[in-house]
Each structure stands twice: as C-alpha cells, then as structure tokens.
2 protein chains.
Amino acid sequence: MIINTRVIEFSCHSDEYGSLVALESNRDIPFSTKRVYYIYEVDELMRRGFHSHNDLEQVMICVHGSVKILLKTPFEEEVITLNDPTQGLYVGPMVWREMFDWQQDAVLLVLASEYYDENDYIRNYEEYEIMARKHFRGSGV
Amino acid sequence: MIINTRVIEFSCHSDEYGSLVALESNRDIPFSTKRVYYIYEVDELMRRGFHSHNDLEQVMICVHGSVKILLKTPFEEEVITLNDPTQGLYVGPMVWREMFDWQQDAVLLVLASEYYDENDYIRNYEEYEIMARKHFRGSGV
C-alpha cells in the first residue's frame, strides 16, 4: 500500500445478539483518539476530502454501506473500497485523500489523533505535491 | 431524565457534500474517549445490554437507523429512542441499560471513558438493584 497507509483488521464479536467491534486507543488504534467524527447523507455522486494533513493520523471505518477512498502521493496512488466494519484504513501524515462512490446510506466513521486544527490541513493539491516531495525525500519512496 | 443520564445535542456540518458530526474528547464528549465500539447486524427482535457499570461513562449515538434504549434505576425508568446522528445519550455509572427495537440496519456507536474491564460490569439485576440503592442513597433520588 501507499506509504503512511495500511489496512487494520479488527476483531469482531459476532453471535446471535449481533456484531460488536471495539477499538481501544493505543491498542487497536495506533494513537490516542482525541476526536471521532462520522460522515453520512452523502450523495452517491459526491466526491469529498481533497486534502492532506501535515501531522494528523486517522483510522477510517465504513460502519454502514460502502465508500471508496483514493489515497495519493506524488509517487503513487491507490483506491481502497471500505465496506466492512471490521476493517480500518489507517492514513498517516502527508497522504492526499478523496472519498467517493458513497453507496447504500454509507456512514464513514473516522478516529483522529488530534483535535480539529485548520492549520494542519493542506487543501491545495499543487502546494501538497511540493510539500510531499520534500517530506518523503529520503524515505525511500 | 434518569439520574446520571442526559441527551447531548451535537453540532452538525451539513451542506451539499453531506453531513459531518465531530466529537472531541473533553469538549463535545464529557470525558477522554479511550474506547470506541459499534454494534450492528442486530436482529430487530433482539434485546441486548442487560447490565450496568460501576464507573464507566458512555455516550451512545445511533449513526444509522434507530434503536431504543431502556434506562433504569431502582427508582425510575425511561425509554429513549436514538435515531438521529446529531444526538448522543450520555449514560453514567450505575444505570441499568437494555437496547431493543433495532430498526433499518441500525448501527449504534458508543464512546467510552475506559478500556474494557469485565470487573466494572454488573450483569445480575438483583445484585445491581442492591448496589444501586446503596450508591444513590443520599443523592436525592
């Protein structure tokens, strides 16, 4: 997968009472969760995201329906389909992301390592590309 | 509402890109979130929960569909319908809870103040009732 991203498989407790997935900070999730957010009621044709973060780490889980995530650096890109509540997509710093193809009332849950900070966002792709080339220089990608 | 419970209204950022609700620890949520879990794939007729906690604090949000929560102490009981992702149900210590009437592929998201600890559970209602009477004595309920 793309640098600074990976898929995490979570344990699921399933029985006749239903299914339960538990995510503990610094255990199942590789950071302390300071912020949890969820995105829903997104039109199927809508594309959102279009940013990277300087420092923020996130884990994305599609807890209902399905959504596709484009992950991109200046060097590579990949599309991940999230449609399984037992699967988390870790996205670390300096990875460009776009979310699209929102199906069946998709609900995307995101756990984040920091509070919201507008200064941590890079929203212009050209600016991102310059910063990412510097950031990843020497990292072997 | 029942002692140690309340409904929290969250801000929702809605626009043509969809809806987003963000929950920051110790801000929107009255504790540090150490554990996040979600319950799904529950049969409509299934009833689950049937326990109280000694110390744990939780906020429950139905992020898809709807579910009813029975909250109960030895002194009172109440049923709350959760069907709105902008509404959180805070449930503090020593409140008995049961979840039922799971509708439309309900997904119940729960933010919890501590890691899982089986010793914090009270799963026998008779035992709970004795402990809760002691716990709430002098609290004015």
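In what follows, chains carry the letters A, B, and so on, assigned in the order in which the sequence lines appear, proteins first and then strands, with residues in each chain numbered from 1.
- Of the listed residues (B:His13, B:Arg27, B:Arg47, B:Glu16), the one with the most heavy-atom contacts under 4.5 Å to chain A is B:Arg27.
- What you find for B:Tyr116 and A:Glu24 is that their closest heavy atoms are N-OE2, 2.8 Å.
- Only the side chain of B:Leu111 has a heavy atom closer than 4.5 Å to any heavy atom of chain A.
- Counting heavy-atom pairs under 4.5 Å between each of A:Thr33, A:Leu109, A:Ile39 and chain B puts A:Ile39 at the top.
- With chain A as the partner, the residue from B:Asp28, B:Asn26, B:Leu23, B:Asp105 showing the most heavy-atom pairs under 4.5 Å is B:Leu23.
- For B:Ser32, no part sits under 4.5 Å from any heavy atom of chain A, backbone or side chain.
- Using a 4.5 Å cut-off between side-chain heavy atoms of Ile, Leu, Val, Met, Phe, Trp and Tyr, with links allowed through other members, A:Tyr121 and A:Tyr37 fall into different hydrophobic clusters.
- Atoms OG and CZ, from B:Ser25 and A:Arg35 in turn, are 11.0 Å apart once rounded to the nearest 0.5 Å.
- Contact count against chain B (heavy-atom pairs under 4.5 Å) is highest for A:Ser19 among A:Gly65, A:Ala22, A:Ala112, A:Ser19.
- B:Arg48 and A:Tyr17 get closest at one heavy-atom pair: NH1-O, 2.8 Å.
- A single hydrophobic cluster is not seen to contain both A:Leu70 and A:Trp102; linkage of ILVMFWY side chains at heavy-atom distances under 4.5 Å, directly or through other members, places them apart.
- Proximity to chain B (any heavy atom under 4.5 Å) is shown, for A:Asp43, by neither the backbone nor the side chain.
- Using a 4.5 Å cut-off between side-chain heavy atoms of Ile, Leu, Val, Met, Phe, Trp and Tyr, with links allowed through other members, B:Ile61 and B:Ile80 fall into different hydrophobic clusters.
- When the side chains of ILVMFWY residues are joined at heavy-atom separations under 4.5 Å, either directly or via intervening members, A:Ile69 and A:Ile8 end up in two distinct hydrophobic clusters.
- Options A:Val42, A:Leu20, A:Ile29 differ in how many heavy-atom pairs under 4.5 Å they form with chain B, and the most are formed by A:Leu20.
- Between B:Cys12 atom SG and A:Tyr40 atom OH the span is 3.5 Å, to the nearest 0.5 Å.
- A continuous path of Ile, Leu, Val, Met, Phe, Trp and Tyr side chains, each step under 4.5 Å between heavy atoms, connects B:Phe50 with B:Val110, placing both in one hydrophobic cluster.
- Across every non-hydrogen atom of B:Val63 and A:Val107, the tightest pair is O-CG2, 3.6 Å.
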